[in-house]
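Proteins get letters first, then strands, A, B, ... in listed order; numbering begins at 1 in each. The structure presented is a predicted model; accordingly, all values stated were derived computationally and were not measured.
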Protein chains: 2
Amino acid sequence: MTTEQEDEKSWEEWIRLVAEEYGLNLEKKDRETEKQKRILEAAMHIFSERGFEGASTSAIAERAQVAEATIFKHYRSKKGLLLHLVIPAISRVATPFILRPVLKILDQDKPSEELFRELYADRVRLVERNWKKIKIIVVESLFQPELREALQDHVARSIYEVMSERIGDWQREGRLRDDLPTHVVARSILSIGIGYLLAKNIFPRYLAQGEEEQELAWMAEVLLHGIAGPKEKEEG
Amino acid sequence: MTTEQEDEKSWEEWIRLVAEEYGLNLEKKDRETEKQKRILEAAMHIFSERGFEGASTSAIAERAQVAEATIFKHYRSKKGLLLHLVIPAISRVATPFILRPVLKILDQDKPSEELFRELYADRVRLVERNWKKIKIIVVESLFQPELREALQDHVARSIYEVMSERIGDWQREGRLRDDLPTHVVARSILSIGIGYLLAKNIFPRYLAQGEEEQELAWMAEVLLHGIAGPKEKEEG
DNA sequence: GTGATAGGTGAGTAAGTGCTCACTTAACTG
DNA sequence: CAGTTAAGTGAGCACTTACTCACCTATCAC
């Protein structure tokens, strides 16, 4: 679709454009008013409950106990409000800042099974703490191409790069199979985690309840050694 | 949340209520007009592109080359139109009809690796053919509780039941590990498949392009034997 | 023929929608 | 103190939304 060159600089470019168009203030910690906080909280709640199109600015204003015009004073437009909510979250997730705990976990001197269990435990906690925002980002990226592209170009890429570096190392060390390409290994790790999160948040019925520790251990088990039984292993 | 007893009869009950409220005609193949077909096609396209709330009936009417009033003649309301589109699809997916190919594949006398590869190939094809509708169903079920409950009670359950029966058999035969609970095995199988579909449809960039056969084989490999390398296996 | 039924429509309607504007209030700056 | 700036708002704007209604046409049974 787009060429690699275009992708390289697109994130910073895009952020700057968005910041200009929607009046997004990036680094400067310009103190938020009490009302601004309430607006963002209300927006998060209502966007995640009804979706962007289904949420009305009047409903957000009402929940925030604020005049509707106040929203537009600060965020210029409804879409600006969405981006104010979502971009800082994406930035935080995408920078090394949030990937550092991952590396910290993986660099410990422990059996892989334990490392992956800790990794999953950590990421699951992170996602749960930010579930509403993540829901908004994921759903809206399905419908807003610019948001989707920003996610692809920045978030997915940086996660993938960090992962694939470690995977390469581990394959050379013999901790991971070296007959699988990196992207398959990376996707497998993510798939098991995402599968669990989907189950937990959408179909909690199909989970052993109150046994998260055990579930996380099983995830690491399956990821590392698969689900094949003894009979299969003889044949292979 | 809800008790088991309530769940048991909820699907048929719910369908009947929906059918009455929105004038949904279930079995009787009462011939669709040319215009009705066009409306459904347009609705599918626009719902999946903009989401339910983001889609306007006027846009649907325009795409279908039909007067807006015609939509309401046949489907009573916008939500009725959505359900007309979505419920037959769910029903078809949820009934044994669509699960039969799955069993047919799994009952062949072949190595597990091959069976899972065929299974994934088959399901991936199915999802791709119906991607637009599936997208609508998944996204809308996040926002419409009744739809979500219908999915949970009916679709998830019937899939889970079919899967867990086979899994139990295979565990007893030694084809699958018997030290994992059924729901973990089932979730693992689904996770690997869903992970691939997400990658393919949302982040196609991270896929070996034009090598679907190979990708499917890797999925089955990872599912059965995991990603651990030789060093790990010695220790375990 | 008459009547009934169903498909289809143009022209509306009331109730929102996102957003603007003129304005007030309060807090800081010199 | 006056002057500037930012936070905040009530009233209203142009426009869109889902939906209705009276009406037309075509088919078909009697």
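The side chain to side chain donor-acceptor pair (under 3.5 Å) test with B/Thr33 is passed by exactly one of B/Lys35, B/Lys37, B/Gln36: B/Gln36.
Side chain to side chain, B/Glu32 and B/His74 fail the donor-acceptor criterion of an N or O pair below 3.5 Å.
Atom P of nucleotide D/dA7 and atom CZ of A/Arg38 are separated by 15 Å, given to the nearest angstrom. In this structure, CD1 of A/Ile39 is placed 14 Å from P of C/dC19, rounded to the nearest angstrom. Look at CD1 on A/Ile60: it is 11 Å from P on C/dT17, rounded to the nearest Å. Rounded to a whole Å, the OH atom of A/Tyr75 is 13 Å from the P atom of D/dT9. What separates CZ of A/Arg76 from C1' of D/dA7 is a distance of 16 Å, to the nearest Å. Here D/dA26 presents its P atom at 12 Å from NZ of B/Lys35, a figure rounded to the nearest Å. Atom P of nucleotide D/dG8 and atom CD of A/Glu62 are separated by 18 Å, given to the nearest angstrom. Taking atom CG of residue A/Leu40 and atom P of nucleotide D/dA7, one finds them 13 Å apart after rounding to whole Å.
For D/dT9, the OP1/OP2 oxygens have a side-chain nitrogen or oxygen of A/Thr70 closer than 4.0 Å. Proximity of A/Ser77 to the phosphate of C/dG18: no side-chain N or O atom is located under 4.0 Å from OP1 or OP2. Taking side-chain N and O atoms only, B/Thr57 has a distance below 4.0 Å to OP1 or OP2 of D/dA18. Contact annotation: A/Ser58 side-chain N/O to C/dG16 OP1/OP2 distance is not under 4.0 Å. The shortest distance between the side-chain N/O atoms of A/His74 and the OP1/OP2 oxygens of D/dG8 is below 4.0 Å.
Of the candidates C/dG10, D/dG8, C/dT20, the closest approach to any side-chain atom of B/Ala67 belongs to C/dG10. Checking C/dC21, D/dC21, C/dG18 against every side-chain atom of A/Ala69, the shortest atom distance belongs to C/dC21. Distances from the side chain of B/Gln36 to the nucleotides C/dG7, D/dT9, C/dG18 place C/dG7 closest. Nearest nucleotide to the side chain of B/Thr33, out of C/dG18, C/dG7, D/dT17: C/dG7.
In this structure a side-chain-to-backbone donor-acceptor pair under 3.5 Å is missing from B/Arg50 to B/Ala55.
For the pair A/Lys73 and A/Lys79, both in contact range of DNA chain C, the more 5′-proximal nearest nucleotide belongs to A/Lys79. For the pair B/Val66 and A/Phe72, both in contact range of DNA chain C, the more 5′-proximal nearest nucleotide belongs to B/Val66.
Among the protein residues, B/Lys78 comes within range of the sugar-phosphate backbone only, with heavy atoms under 4.0 Å from sugar or phosphate atoms but none that close to a base. When heavy atoms are screened at a 4.0 angstrom cut-off, A/Ala61 is found touching no nucleic acid atom at all.
A/Glu41 and A/Arg63 are joined by a salt bridge, as a carboxylate oxygen and a charged side-chain nitrogen come within less than 4.0 angstrom of each other.
The aromatic rings of B/Trp218 and A/His183 sit perpendicular, their planes meeting at an angle over 60°, well past the 30° parallel limit. The aromatic rings of A/His84 and A/Tyr75 stand perpendicular to each other, their planes meeting at an angle above 60°, with 30° marking the opposite boundary.
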